[in-house]
There are 2 protein chains.
Amino acid sequence: MRLNEGVEWAVHSCSLMASLPEGMALPARKIAEYFDLPEAYLAKIMQQLSVSQIVTSRRGPGGGYRLTKSPDEISLLDIVVAIDGNEQCFQCTEIRRRGPTASTDAIYNLPCGIARSMWKAEQAWRNELSKVSLRDIQMMGFRETPKPQLEKAVEWFKETLS
Amino acid sequence: MRLNEGVEWAVHSCSLMASLPEGMALPARKIAEYFDLPEAYLAKIMQQLSVSQIVTSRRGPGGGYRLTKSPDEISLLDIVVAIDGNEQCFQCTEIRRRGPTASTDAIYNLPCGIARSMWKAEQAWRNELSKVSLRDIQMMGFRETPKPQLEKAVEWFKETLS
DNA sequence: GGCAGGTTACTCGGATAGCGATTGTCCGAGTTGATCTGG
DNA sequence: CCAGATCAACTCGGACAATCGCTATCCGAGTAACCTGCC
């Protein structure tokens with residue numbers, strides 16, 4: 001089981017946008033430049049974020065993407081769901097109702113116990129992800145990034161937004 | 001993100017084998033018959049369980065598969081790992097070290113905060129799965145399966161093992 | 001000098017190929033149990 | 001009647017296609033700013 005590679009890009013991109021001054025937008029081209037990623041594919045990722053209402057887009061000169069909400073109100077889970085979809089990891093195909101021992105019209109009061117166990121674990125995962133906000137990610141970045149890098153980033157931001 | 005379909009088959013198959021009398025074995029052919037699954041593909045799943053030491057195999061007439069350990073000692077996580085692999089769902093490619101703002105030789109004391117958050121959630125998922133044993137699954141099945149089905153299953157077992 | 005129209009450059013968005021992993025299948029290798037034969 | 005060898009059937013195990021989803025890319029649609037010429 002592997003998460004989409006785009007998830008990593010999306011979270012980093014959103015984290016970058018979290019530092020964007022009010023009212024400004026960051027084009028996909030610039031984000032791709034900042035992380036040295038293929039522009040065309042990143043654009044697709046950003047589009048998915050746009051569809052999921054995590055960012056809004058604006059076309060034309062001075063356009064680009066920006067977050068729709070405060071970084072406090074966006075969780076990792078939101079981003080993961082936007083990129084990777086919201087379907088259950090474990091798909092129950094009701095195997096128990098098949099084969100010679102089970103009749104098709106049997107009444108089962110509960111979902112399959114195996115599915116319930118798998119879904120419970122999945123829920124724990126989702127729950128952890130929903131507890132981490134984009135603001136938390138941003139703060140971690142500020143605290144843990146080496147100083148020279150941080151200064152370079154600020155410089156890059158100034159140049160880009162001018 | 002989707003879990004291998006084989007995981008569901010594997011757990012059901014193991015649950016079935018948990019009810020197998022001491023010393024006997026269940027061939028893949030019979031398991032496929034019980035659940036009405038394609039025999040060839042199920043054989044592949046069983047093979048993966050065999051490689052991971054969850055079941056042992058025995059060839060020839062009277063051969064088949066059986067659990068290596070007591071159902072108490074086998075967790076859902078063991079089976080998931082056997083079929084789906086043990087790699088991390090979230091792969092960190094160290095994006096933060098790329099692009100114009102980061103120098104390649106920069107020293108980062110900690111793994112990327114994003115990766116840490118994702119891995120923590122993943123750990124919660126693994127932890128939940130490791131808490132559920134095959135015995136638990138078996139017991140749930142006994143309690144929740146409609147009586148007529150349970151009797152049919154017992155009947156099938158008798159015929160098959162004779 | 002101010003305003004309107006056209007032009008240009010910039011950005012997003014959807015349609016379109018390429019590739020790798022999961023899914024699905026087959027046949028050969030190995031083993032066991034039964035059978036047959038000879039003592 | 002028993003023991004040993006042979007045989008045949010059964011089961012696993014690895015090698016081999018097909019399909020699907022993720023990865024990657026391009027070009028057209030839309031928009032805002034700017035420039036130019038006229039009033």
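Not measured: the values here are computed from a predicted model.
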First encountered from the 5' end of DNA chain C, between A:V51 and A:M1: A:V51

N/O donor to acceptor pairs below 3.5 angstrom from side-chain atoms of residues 128-135 of chain B, sequence neighbours left out:
from	atom 1	to	atom 2	distance (Å)
B:E128	OE2	B:K131	NZ	3.3
B:S130	OG	B:N127	O	2.8
B:S133	OG	B:R135	N	3.3
B:S133	OG	B:D136	N	3.2
B:S133	OG	B:D136	OD2	3.2
B:R135	NE	B:D72	OD1	3.2
B:R135	NH1	B:Q138	OE1	3.1
B:R135	NH2	B:D72	OD2	3.4

Provide the closest heavy-atom pair for B:M24 versus B:L20 in the form atom of the first, atom of the second, distance. O-CD2, 3.3 Å

Answer with base, sugar-phosphate or nothing: what part of the nucleic acid does B:A28 contact at a heavy-atom distance below 4.0 Å? sugar-phosphate

Would you kindly confirm whether A:V11 and A:V81 end up in one hydrophobic cluster when ILVMFWY residues are joined by side chain heavy atoms under 4.5 Å apart? yes

Applying side chain to side chain contact (heavy atoms under 4.5 Å, CB included) to A:V80 and A:W125, what does each step give before you reach the verdict? CA-CA 12 Å; A:V80 168; A:W125 176 69; 4.1 Å; yes

How would you list all residue pairs meeting salt bridge (charged side-chain N to carboxylate O under 4.0 Å, His left out) that involve residues 142-151 of chain B, not counting sequence neighbours? A:R116-B:E144

Can you list, by residue number, the residues of residues 37-46 of chain B that have a non-hydrogen atom closer than 4.0 angstrom to DNA chain C? B:P38, B:A40, B:Y41, B:K44

DNA chain C contacts among residues 77-94 of chain B, heavy-atom distance under 4.0 Å: none

So which of residues 55-71 of chain A are in contact with DNA chain D, with a heavy-atom cut-off of under 4.0 Å? A:R59, A:G60, A:P61

How would you list, by chain and number, every residue that makes a salt bridge (Lys or Arg N to Asp or Glu O under 4.0 Å) with A:R66, sequence neighbours excluded? none

Distance-only donor-acceptor hits, side chain of residues 37-65 of chain B, under 3.5 Å, sequence neighbours excluded:
from	atom 1	to	atom 2	distance (Å)
B:Q48	NE2	B:I83	O	3.4
B:S52	OG	B:Q48	O	3.2

Can you tell me how far C1' of D:dT25 sits from CZ of A:R29, to the nearest Å? 15 Å

Rounded to the nearest angstrom, tell me the gap between atom CZ in A:R2 and atom P in D:dC22. 12 Å

Give the residues of residues 11-22 of chain A touching DNA chain D, defined as any heavy atom closer than 4.0 Å, sorted by residue number. none

Of all heavy-atom pairs linking B:V7 and B:L3, the shortest is CG2-CG, 4.1 Å

Is there any ring pair (Phe, Tyr, Trp, His ring centres under 6.0 Å) pair reaching into residues 140-162 of chain B, and which pairs are they, with sequence neighbours excluded? B:Y34-B:W156

What is the distance from CG of A:L26 to C1' of C:dC10, rounded to the nearest Å? 14 Å

Rounded to whole Å, the CD-P distance (B:E5 to C:dT22) equals 13 Å

Return the set of residues passing side chain to side chain contact (heavy atoms under 4.5 Å, CB included) with B:E87 (not counting sequence neighbours), or none when no residue passes. A:R2, B:Q91

Contacts of type side chain to side chain donor-acceptor pair (under 3.5 Å), residue A:T160, not counting sequence neighbours: none

Would B:E94 and B:R96 pass as an ion pair if we require N to O under 4.0 Å? yes

From CD of B:Q48 over to P of D:dC12, roughly how many Å is that when rounded to an integer? 15 Å

Partners meeting salt bridge (Lys or Arg N to Asp or Glu O under 4.0 Å) with B:K30 (sequence neighbours left out): B:E33

Rounded to whole angstroms, how far apart are CG on B:L3 and P on D:dG21? 16 Å

